[in-house]
Structure formats: structure tokens, C-alpha cells
Number of protein chains: 2
Amino acid sequence: MTARSEPVSRRERPAKPALTRSGIIATAVRVMRAEGLQRVTMRRLAKELDTGPASLYVYVANTTELHGAILDELLGEVDLAAAGAGGDWREGIEAVLASYTHLLVQLPSLAQSALVARPSGTNYLNLLDALLALLKQGGVPDDQAAWGVDTLLQVATASAAEHAGEDDTDGTEWKAVAAAVENASADQLPHVTALGSELLSGSPETRRKWTTRMLLNGILHTPRDTS
Amino acid sequence: MTARSEPVSRRERPAKPALTRSGIIATAVRVMRAEGLQRVTMRRLAKELDTGPASLYVYVANTTELHGAILDELLGEVDLAAAGAGGDWREGIEAVLASYTHLLVQLPSLAQSALVARPSGTNYLNLLDALLALLKQGGVPDDQAAWGVDTLLQVATASAAEHAGEDDTDGTEWKAVAAAVENASADQLPHVTALGSELLSGSPETRRKWTTRMLLNGILHTPRDTS
DNA sequence: ACCTGAACACCGTTCAAGT
DNA sequence: ACCTGAACACCGTTCAAGT
């Protein structure tokens, strides 16, 4: 009876699978990879899963929660190998953050949502632990590490989020900033004018590396109590 | 003829004003203050201005551009007085960033949009100039100031953006993070467990102040060329 | 318990047509 | 040039009804 009751479904209809939370999230990740987070909507997912939007609410509280789940799923791909390797701690942090950034730069809208919906899943906690291990290895006092790691991740996330909303292949928006800086009058904006192109210089990679070194220096040398 | 041709419009209908860009933006700011940025939609604004949504597209390119214009308008309220006062440069930066943060914390969804749509209006450039003046006063080398000021503003903006999407008066989401940290197993997350509540300690104000000091130390002591 | 159709209350943007 | 109605192609979420 089992075999006989599947009429034409050899290949053409993949026998509509039962709805599960993980199935929904897996579909969400696939749609996001193919078309971006803005296409990951309840209605679109429902269509993809061959059901109505209302059905998804059995497994997912709302759209925000869904986006959070996607993020945690993807955070599993961050390369934490450098954390256990026993090399230079600064280079270790640089490597972990580079991996994190490269992941999110390809998915900027997810980075944007990560800034608002603080992740708290397993993969996020593993990332946090890896960074704290490296800070400890570098002799950073615990209280400074605890607050500093937050800024480290926040800056990395915000940098990635900046690339969201850029269909903008020609960098129209970047040009607007550049033009504004260059057209600045020396009277009203003396310092912006003086610095000029220096403000916009450097590749994203170069700036990220300097910023990481800068943050580590700050974290290492700034005690928590004002003394 | 001028006076006579206004029939009943003494008070009841405020004589539908001509559509202008600044009128649209003013209305947008008002709606945002009253109901939040998520209510500032083309359709809602059109209704407010007693016209159809299509009419707005004569003055505003799209929703993103509109949000950018709102932000620049509001940035005029940031208090830059500390920049010219000639006091301690660190305290000056702290004061300017505090003013900027307090503005955006009340409008977190605007902060979120600021992260993606880099502002380039007059008020933003004035803010940039004020911070650069203070960094110069502190003897920060030009190239370090140029890259550092970006991180300074990015961190302030991201901190404010984190409060977006919180109808969340009871802090449900914050509790999720706290629970995750506390339930962390010592085996798998030794450093997160060890730091524990330290990770979540401190008021936003205290953390912001430490973070600002930390960034200034980093910017001041990190040369651009790796040597 | 899970799943669904249908409905409610919205969106952004474009376009042909009017003034 | 500016303004508009109407349309196109979507949204999130809820709820009563079914299985």
C-alpha cells in the first residue's frame, strides 16, 4: 500500500516533505543564498514549501526570529582554527575576524539584522569563546576582554552591514560621499578639507587590518576603572 | 479675487499646501517622531499630504533616499559646542559622541539606516569636522585620525542601532542572551563560562564611556604602517 | 496538534493620462 | 513640469475552520 499510493511522484513532485523547523530554515538559507535576504519572506517560503504562510507560524515565531535562526546556522562556517593553533594571539584574532567578516560581507543584509537581533545561538557563543581565549592568551585582563570582545564583533558586523542595500554596482553612494568631502569649503570644514582623500583612502582589507590592531591596542591598554 | 476664492478654508482644511521636498521631509520627521521610522512610508506620507503616493516621486527618489534626508535633518541637533570650547580633547570627543548617541538612541531605526546609507549631508560633515578638530588638538597624527574617526562614529551608530526592533519593553531578547551565557557548559565554552556575567555587566552609559576611551587610546597609539 | 484558506491591513514603484 | 488614479506585484500576521 505504501508504494502503490504514490501515483506519479517518481520525480516530478518530490513528495511534499513534512514541515519541520529545520526544513524551513534550510529552505530559508537556500533562498537567501540564491536571491538575498529580502526575498526570504514568510509568503515566499510558504510557496517554496508548497503550503500557505499561516502554516509556518507553527514553527517560527515571526520574521525576525527566522532571520536570527538563519544567521546562527551560517555562523557555523566561521573558521575558528586559529584559536587553538597556539600562534601569535593578535594574528589569531585577525584571522578569526577576517573569516567572520568575509562570511558577512557576502550577506550584508544578514549582518544588518545581526546588529539589531543580537545572536545567542551555539555558533555565536563558540565564536565568542574563541576570541576570549585569544585575548586571554594575549594577557588582556578579564574585565577589559569582556567589554572589548563586544566592540570587536560589533565593528566587524557593522563593516559588513555597510554593504547592504547596494545593488549599486557602480558605487553611486560612495561617490556622493567622496564628492561631498571634495566639495567641502575650507572655511566651513577646515579639517575635512585638510584631510581630504585621506578620509576615504585604503582598501577595505587594509582598513580592517589597521582597525583590528587599533582595537587590540585600545583594549589592552585601557583599564576599566578611571584612575 | 485672492481672498474671495478661499471658500470654507478658514480653519477646517489648512488649504492643502504645495508639495515641496522640504515639506515632505518635514512631514516625514513629524511622523517619525510620533510613530517611528517604520511608519514613514511613501503611502503614509502621501495620505498625510493629501495626495497619492506617485506624487512624492517627483521630489524623492525612493524610500532609502527619504530616510537619508531625515537623518541629515536630525543630525543638525547634535551639540558640537564642546569642539570649540578648548577644554580637554578627550572630554570634548566624549561630549560630542554622547550627544550624537543620545539623539540616535531615541531613534534606533534611523541609526540602523545610517549604518547602511552613509550620510553625506552638511550636518554629518560638520560632525566629522568637529571630531577631527578635537583629534588634531589631541595630537593624533592625521592619517590615524582620518581612519579612526570613522570607527568612532561607526561604533556610536551601531550601539544606537542595537536598540532598534525593540518593542520589547521587558527585554525578552536581552534575557535570551543572558540565559545562553549562563547556561553555557564549562566544557564547551570555558571562557564564556569563566567571564560569565562580566560579559553583560555595566550600564550602557558606563560601557560607552569605557569604549570611547578605549578607541581613543587605540587610535592614538596605532601607527598606520606596520613596522 | 497541526495545517489551511481566506481575510485584514498594509507596502514600493511605475505608467498612462491629465492639467 | 507637475500631479494623479489605478494597477502590478508584493508584504506580515491572525483566525475560524478543518483534519
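Quick note on labels: first sequence line is chain A, next is B, and so on, each numbered from 1.
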Would you mind reading off the distance between [X] atom [atom1] and [N] atom [atom2], rounded to a whole angstrom?
| X | N | atom1 | atom2 | answer |
| --- | --- | --- | --- | --- |
| B/Leu19 | C/dT19 | CG | C1' | 15 Å |
| A/Asn62 | D/dC11 | CG | C1' | 14 Å |
| A/Glu35 | D/dC10 | CD | P | 11 Å |
| A/Tyr57 | C/dA1 | OH | C1' | 19 Å |
| B/Arg43 | D/dC11 | CZ | P | 15 Å |
| B/Met42 | D/dC3 | CE | P | 14 Å |
| A/Tyr59 | C/dA1 | OH | C1' | 9 Å |
| B/Lys47 | D/dG5 | NZ | C1' | 14 Å |

- Start with the C-alpha distance between B/Glu48 and B/Arg44, add both sets of side-chain angles, then the distance that settles side chain to side chain contact (heavy atoms under 4.5 Å, CB included), and finish with yes or no. CA-CA 6 Å; B/Glu48 206 78 18; B/Arg44 172 64 196 279; 3.2 Å; yes
- Message: Say we look at C/dA9 and D/dC10: how far apart would their P atoms be, to the nearest angstrom?
- Response: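 These two P atoms come out 23 Å apart once rounded.
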- side-chain N/O B/Thr63 vs C/dT13 OP1/OP2, d < 4.0 Å: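 Checking B/Thr63 against C/dT13: at least one side-chain N or O falls below 4.0 Å of OP1 or OP2.
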- Answer yes or no: is there a side-chain heavy-atom contact under 4.5 Å between A/Leu128 and A/Tyr124? yes
- Item | Heavy-atom side-chain proximity of B/Arg208 to B/Val105 below 4.5 angstrom | no
- Under 3.5 Å, is there a donor-acceptor pair between the A/Glu162 and A/Gln112 side chains?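 Not at all, the side chains of A/Glu162 and A/Gln112 share no donor-acceptor pair under 3.5 Å.
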- Which part of the nucleic acid, if any, lies within reach of B/Thr41 when heavy atoms closer than 4.0 Å are counted: base, sugar-phosphate only, or nothing? sugar-phosphate
- Heavy-atom pair of closest approach, residues A/Leu195 and A/Leu199: CB-CG, 3.9 Å
- Side chain of B/Ala54 only, please: which of D/dG5, C/dC11, D/dC3 is the nearest? D/dG5
- Task: Using the criterion of both pairing distances under 3.5 Å for Watson-Crick and G-U wobble pairs, give all stems of 3 or more consecutive pairs involving DNA chain D.
- Result: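 Stems found: C:4-8 with D:12-16, C:12-16 with D:4-8.
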- Please figure out whether A/Pro53 or A/Arg39 has its closest DNA chain D nucleotide nearer the 5' end. A/Arg39
- Message: With rounding to the nearest 0.5 angstrom, report the CD to CG distance, A/Gln106 to A/Leu74.
- Response: 10.0 Å
- Message: Apply side chain to side chain contact (heavy atoms under 4.5 Å, CB included) to residues B/Tyr59 and B/Ser22 and explain how you reach the verdict.
- Response: CA-CA 9 Å; B/Tyr59 304 96; B/Ser22 61; over 6 Å; no
